[in-house]
Amino acid sequence: MNNLQLSNFIGGEYSAPVNGAYLPLYNPATGAAYGQVPDSSSADVQAAYKAAKQAFPAWSVTPAEQRFQVLNRIAELIDERREELARAESKDQGKPVWLARNEMIRSAQNFRFFATAAMQFASESHAMEDKAINYTLRQPIGVVGCISPWNLPLYLFSWKIAPALAAGNCVIAKPSEFTPVTAWMLGQICQDAGLPAGVLNIVQGLGPSVGQSMVEHPGIKAISFTGGTATGKHLAATAAPMFKKLSLELGGKNPNMIFADAQLDKAVKTTVSSSFLNQGEICLCGSRVFIERSVYEEVKTQLVQAAKEMKVGPPDAEDIRMGAIVSKPHYEKVLSYIELAKQEGATVLAGGLAVFPEGHEQGWYIAPTILENLAFDCRCNQEEIFGPVITLTPFDTEEEVLMMANSTEYGLAATLWTENLTRAHRMASQLQMGIVWINCWLLRDLRTPFGGAKSSGVGREGGWEAMRFFTEPKNVCVSLS
Ligand code: NDP
């Protein structure tokens, strides 16, 4: 797949961007360009809108069973093409190929899950004794926009598109220009699955041009966005005067709290994953690890040893634990935070530097990094780094760790390790987060509400929450007299 030339997918056909402009596509493993992605403009968004608008009347009344069949077929085709998709994703994003395989399974699950949701989605009804009966129609919104980031490319893309289509909308979707390949491949899969032309349109390009045009477009009535908090803020300000429906899944700075009474082996093993899986580029990674003082040294020793043993290397090697960082700017950003941490007084316990695997010296690799001796309110403990960097902080009491955990502007997810049941529930209710995991991490049930509090977002995705977001409720009140 060298000199890969990507295109947009509009009205059921692959097409070049109207302006003929392209951006280079980089392989994080080598730092070299290996293809081109359209640098589309508002003209392509307009063409996608026209196609989506035209497809909407028929798709919105397509029987639920037919929508189920098409979405389920998309899931089957993703499964059939898993290896090819996983290799493409790994090359594009830098993640280990074994991890990309898991994400392809989960991408198929997203389509399968919302295929069945299309069949099960039902209206509420409220009877008013002998006076009236209310029923609530949940109608598709029309043309909606889905904008996704680069960390879990096809997974997050499908997490938005699947419910939007299941609810009967037509979609304009934009993947990140850093990781556009599997979204491009999805166009063909949708076509093969029999999704009618124009129901899903994929416009490739930059956020400030394509994404911005989508948010500004008066005909796109709802936007589901996953990305950084600063972008989310800008998007909300743009969309507000048009009263667009918005779902924003934004950044995180998640606390991972380990109490002395926890099953420490399990806590340490999972913490290694929750710190460094996908090079730490998962919004749910626990970047601030708080450890009760009596077990601090013991847990620290084990984490440092695990980090030092972790193999970092080219993503297509099956035996590596961490691959490459997604892009040069992000690689530089993560390294600059490590420098900042040192200025803030950090002790580097593991990593702290770039890695240059043999034969891949120009790629963007960073060693799993563990820092300590940082104040809980310093920049490195407050700002999202979104890379393989964690900080360790000891604590003495439940009140203290709760205060530190809640001290950032973010509120996405927390992990709690304790065998004390009452403490676990007490803390879960006091953590200002959208998601709390107790004695586990990243255990996901697609029916549960997913999203963040505070600056981590607005709204929830998953299960009925997503189906409700992508529909407009209309109450109908029928008098019985
Ligand atoms: P960005 O906010 O930079 O980008 C996200 C998407 O928005 C990209 O497709 C981007 O395009 C696009 N975009 C950029 N500017 C605009 C604009 N003005 N209008 C519309 N769209 C725009 O985030 P990253 O891609 O860097 O992703 C990392 C971030 O995502 C992290 O903060 C992470 O925490 C967050 N995230 C949150 C999750 C959650 O569920 N809460 C899950 C996963 C990630 P382009 O790439 O072309 O700039």
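Start at 1 and go down the list; that is how both ligands and their atoms are numbered. We use all heavy atoms of the structure for the numbers below, so side chains are in, but hydrogens, waters and symmetry mates are not.
Proximity of the aromatic rings of W150 and F386 is defined here by a centroid distance below 6.0 angstrom, and this criterion is met. Between F290 and F395, the distance separating the two ring centers is not shorter than 6.0 angstrom.
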Pairs under 3.5 Å, nitrogen or oxygen of ligand 1 with protein nitrogen or oxygen:
| unit_1 | atom_1 | unit_2 | atom_2 | d |
| --- | --- | --- | --- | --- |
| ligand 1 | 2 (O) | G228 | N | 2.7 |
| ligand 1 | 2 (O) | T231 | OG1 | 2.6 |
| ligand 1 | 9 (O) | S148 | O | 2.9 |
| ligand 1 | 9 (O) | K174 | NZ | 3.1 |
| ligand 1 | 11 (O) | K174 | NZ | 3.0 |
| ligand 1 | 11 (O) | G207 | N | 3.3 |
| ligand 1 | 18 (N) | Q212 | OE1 | 2.9 |
| ligand 1 | 19 (N) | Q212 | N | 3.4 |
| ligand 1 | 23 (O) | G228 | N | 3.2 |
| ligand 1 | 25 (O) | W150 | NE1 | 3.1 |
| ligand 1 | 26 (O) | W150 | NE1 | 2.8 |
| ligand 1 | 30 (O) | G227 | O | 3.4 |
| ligand 1 | 32 (O) | E384 | OE1 | 2.6 |
| ligand 1 | 34 (O) | E384 | OE2 | 2.5 |
| ligand 1 | 41 (N) | L250 | N | 3.3 |
| ligand 1 | 41 (N) | L250 | O | 2.6 |
| ligand 1 | 46 (O) | S176 | OG | 3.2 |
| ligand 1 | 46 (O) | E177 | OE1 | 2.6 |
| ligand 1 | 47 (O) | K174 | NZ | 3.2 |
| ligand 1 | 47 (O) | E177 | OE1 | 2.2 |
| ligand 1 | 47 (O) | G207 | N | 2.7 |

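To the nearest 0.5 angstrom, S224 atom OG is 4.5 Å from F470 atom CZ. Here the OG atom belonging to S40 is positioned 7.0 Å from the CD1 atom belonging to I10, to the nearest 0.5 angstrom.
Between Q204 and K174, the closest side-chain pair of non-hydrogen atoms is not below 4.5 Å. Here the side chains of R87 and V97 are in contact, with some heavy-atom distance below 4.5 Å.
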